[in-house]
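Inspection log for the structure reproduced underneath, given as structure tokens.
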Amino acid sequence: MLVHIGRIINKQMIGKYAVPAFNTSDLEMTQGIVRAAVAQKAPVIIQTSVGALEYAGAEELAGLIKQEAREAKGLFALHQDHCHDFSLIKKLINLGYSSVMIDCSHLPYKDNLKLTKEVVHYAHKRGVWVQAELGRILGNEDWQNVKSGQDLMTVPDEAAKFVAQTRIDTLAVAVGSMHGIPVDPRIKKVLSTLKEHLDLKRLAAIRQKVKIPLVVHGASGVPDHQVRAAIKIGVVIFNIDTDLRVAFNKALRNNIKKNPEIYDPRKLFKPATDALQAMAEHKIKVLKGNNKARGPSRT
Ligand code: G3H
Ligand code: ZN
């Protein structure tokens, strides 16, 4: 069942469990995500990046996700990930997205504030939630490539001011996670020595001052115990992309290697979709989102 994100993100869940926001860009990833949510009876946010929309087409991909979600037993919300194009956001709201991210974290505070307020004004008139980001998350994600030293952790007082001035619904925080898999050997080296990824003290300080739902991006690669600690502090959404793609990719390559005679993409992709589903189910369980998809569903 496709529902408004407000049906999935609520006060009761804070400190107890969290919901994954899984990225998709095609049929197989969408099927794997939906099947994982149904198998775990878990509410899930399905999100598209700007790159995914360019790859599959906005109408096509939104249509596919909505259809898969409508036919499935469970609770699904449709969200747009990192987007700095207001006209694209308007188009996606018209396509039925119940939540959108305006990401101007690369701009100075006053410019981030200005455009975020405009998007909130437009979206709230149409009952749509808005996510924004304050601080800069390290790593590669779609059109963003934040190098070491360019990343900026979220400042608690500034976050409180930003939320009050913009009236956004969810806040993406930069607290040490990074987008994607480190390609830069220097970052790889640094990360290999780091025990902890998330700055939990900073996260708790932000939580003290910011009462709206908090979102951790770049959740692929963050150790499970860190994710659990962040949930206890109050994070309710974890954005996960790379770990699903890596699982899909690994299984696909194995299948091609083991079965060179297979040429039908449906047969090639099947084990890859299953592997993605298994990874998504694992992430749902780490977030303790399993058996939380309550309330009226389709059947
Ligand atoms: O917005 C999407 C996420 O932040 C994905 O990050 O690829 O590191 O899981 P990830
Ligand atoms: Zn992200």
Side-chain angles (χ1 to χ4, degrees), residues 5 9 14 21 47 49-51 79-90 92-93 97 99-126 128-180 184 187 190 197-219 222 230 233-239 241:
I5 190 171
I9 303 300
I14 296 175
Q47 62 184 11
S49 66
V50 172
H79 167 79
Q80 174 56 28
D81 199 13
H82 300 279
C83 186
H84 55 115
D85 175 348
F86 196 178
S87 60
L88 177 55
I89 282 178
K90 289 177 180 169
L92 299 172
I93 289 176
Y97 282 63
S99 178
V100 293
M101 180 183 188
I102 176 67
D103 184 356
C104 294
S105 58
H106 55 295
L107 300 177
Y109 182 91
K110 68 176 179 31
D111 302 327
N112 186 354
L113 184 71
K114 183 171 175 298
L115 188 53
T116 300
K117 283 168 82 170
E118 284 171 25
V119 171
V120 168
H121 180 71
Y122 182 90
H124 282 186
K125 263 200 197 151
R126 293 158 180 82
V128 171
W129 280 22
V130 177
Q131 177 181 143
E133 179 177 325
L134 201 63
R136 298 213 71 196
I137 296 162
L138 194 62
N140 301 322
E141 173 66 23
D142 213 26
W143 48 272
Q144 302 205 70
N145 180 1
V146 180
K147 295 195 174 53
S148 175
Q150 293 173 331
D151 51 314
L152 278 175
M153 294 280 211
T154 305
V155 177
D157 287 333
E158 204 181 54
K161 191 173 78 177
F162 184 74
V163 168
Q165 291 175 316
T166 57
R167 297 185 308 110
I168 53 174
D169 304 282
T170 59
L171 177 68
V173 291
V175 288
S177 58
M178 65 168 294
H179 278 133
D184 177 326
I187 298 178
V190 173
H197 277 172
L198 301 182
D199 180 343
L200 296 173
K201 275 205 191 72
R202 179 183 294 271
L203 192 54
I206 295 169
R207 186 78 210 127
Q208 278 292 314
K209 300 191 182 274
V210 173
K211 298 307 172 197
I212 63 169
L214 299 180
V215 186
V216 165
H217 280 241
V222 175
I233 291 170
V235 175
V236 291
I237 302 174
F238 286 81
N239 279 24
D241 185 6

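Leu92 contributes atom CG, which lies 9.5 Å from atom OG of Ser87 (distance to the nearest 0.5 angstrom). A distance of 8.5 Å separates CD1 in Ile233 from CG in Leu198, rounded to the nearest 0.5 Å. To the nearest 0.5 Å, atom CD of residue Glu133 and atom NE2 of residue His84 are 12.5 Å apart. Put simply, OG1 on Thr154 and CZ on Phe162 are 10.0 Å apart, with the number rounded to the nearest 0.5 Å. Note that CD of Glu158 and CD of Gln165 are 9.5 Å apart. Values are rounded to the nearest 0.5 Å. Gln131 contributes atom CD, which lies 4.5 Å from atom NE2 of His79 (distance to the nearest 0.5 angstrom).
By the ring-ring contact (aromatic ring centres under 6.0 Å, His included) test, His217 is found to be paired with His82, His179, residues two or more places apart in sequence or in another chain being considered. Not counting sequence neighbours, the partners of Thr116 by the side-chain hydrogen bond (donor to acceptor under 3.5 Å, both in side chains) test are Asn112. For Asp169, the salt bridge (charged side-chain N to carboxylate O under 4.0 Å, His left out) test picks out no residue, with sequence neighbours left out.
Across Ala21 and Ile237, no two heavy atoms sit closer than the pair CB-CG2, 3.9 Å. Taking both residues in full, the closest heavy atoms of Cys104 and Leu115 are given as SG-CD2, 3.5 Å, listed atom of the first, atom of the second, then distance. Shortest non-hydrogen contact noted between Ile137 and Ser177 is CG2-O, 3.5 Å. Listed here is the closest heavy atom pair of Ala219 and Val216: CB-O, 4.4 Å. For the residue pair Arg207 and Lys211, the shortest heavy atom distance occurs at O-NZ, 3.0 Å.
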### Message
Using side chain to side chain contact (heavy atoms under 4.5 Å, CB included), reason through Asn239 and Asp81 one step at a time and then give a plain yes or no.
### Response
CA-CA 9 Å; Asn239 279 24; Asp81 199 13; 3.4 Å; yes
### Message
Checking Tyr97 against Ile89 for the side chain to side chain contact (heavy atoms under 4.5 Å, CB included) test, could you report, in this order, the C-alpha distance in whole Å, the side-chain angles of both residues, the deciding distance, and whether it holds?
### Response
CA-CA 9 Å; Tyr97 282 63; Ile89 282 178; over 6 Å; no
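Contact annotation: the side chain of Leu203 approaches that of Val235 to within less than 4.5 Å [non-hydrogen atoms, C-beta and beyond]. Ile102 has its side chain out of reach of Phe86: every pair of non-hydrogen atoms, C-beta onward, lies at least 4.5 Å apart. Residues Leu171 and Val173 have side chains in contact (heavy-atom distance under 4.5 Å, counting atoms from C-beta outward). Side-chain contact between Val128 and Gln80 is absent, with no heavy atoms from C-beta onward closer than 4.5 Å. With contacts defined as side-chain heavy-atom distances shorter than 4.5 Å, the pair Val100/Val130 qualifies. Looking at Met101 and Gln47, their side chains never come closer than 4.5 Å, going by heavy atoms from C-beta outward. Between Arg202 and Ile206 the shortest side-chain heavy-atom distance falls below 4.5 Å. No side-chain heavy atom of Val210 sits under 4.5 Å from any side-chain heavy atom of Pro156.
Judged purely by atom type and a 3.5 angstrom limit, Thr170 has no side-chain atom pairing as donor or acceptor with the backbone of Pro213. Formation of a donor-acceptor pair under 3.5 Å by the Thr166 side chain with backbone atoms of Leu113 is not found in this model.
No more than 12 heavy atoms of other residues, nucleotides or ligands lie within 6.0 Å of CD in Gln208, so this atom counts as exposed by the packing criterion. When the shell of 6.0 Å around NZ of Lys114 is examined, it contains 12 or fewer heavy atoms from other residues, nucleotides or ligands. The number of heavy-atom neighbours closer than 6.0 Å to NE2 of His121, taken from other residues, nucleotides and ligands shown, is 12 or below.
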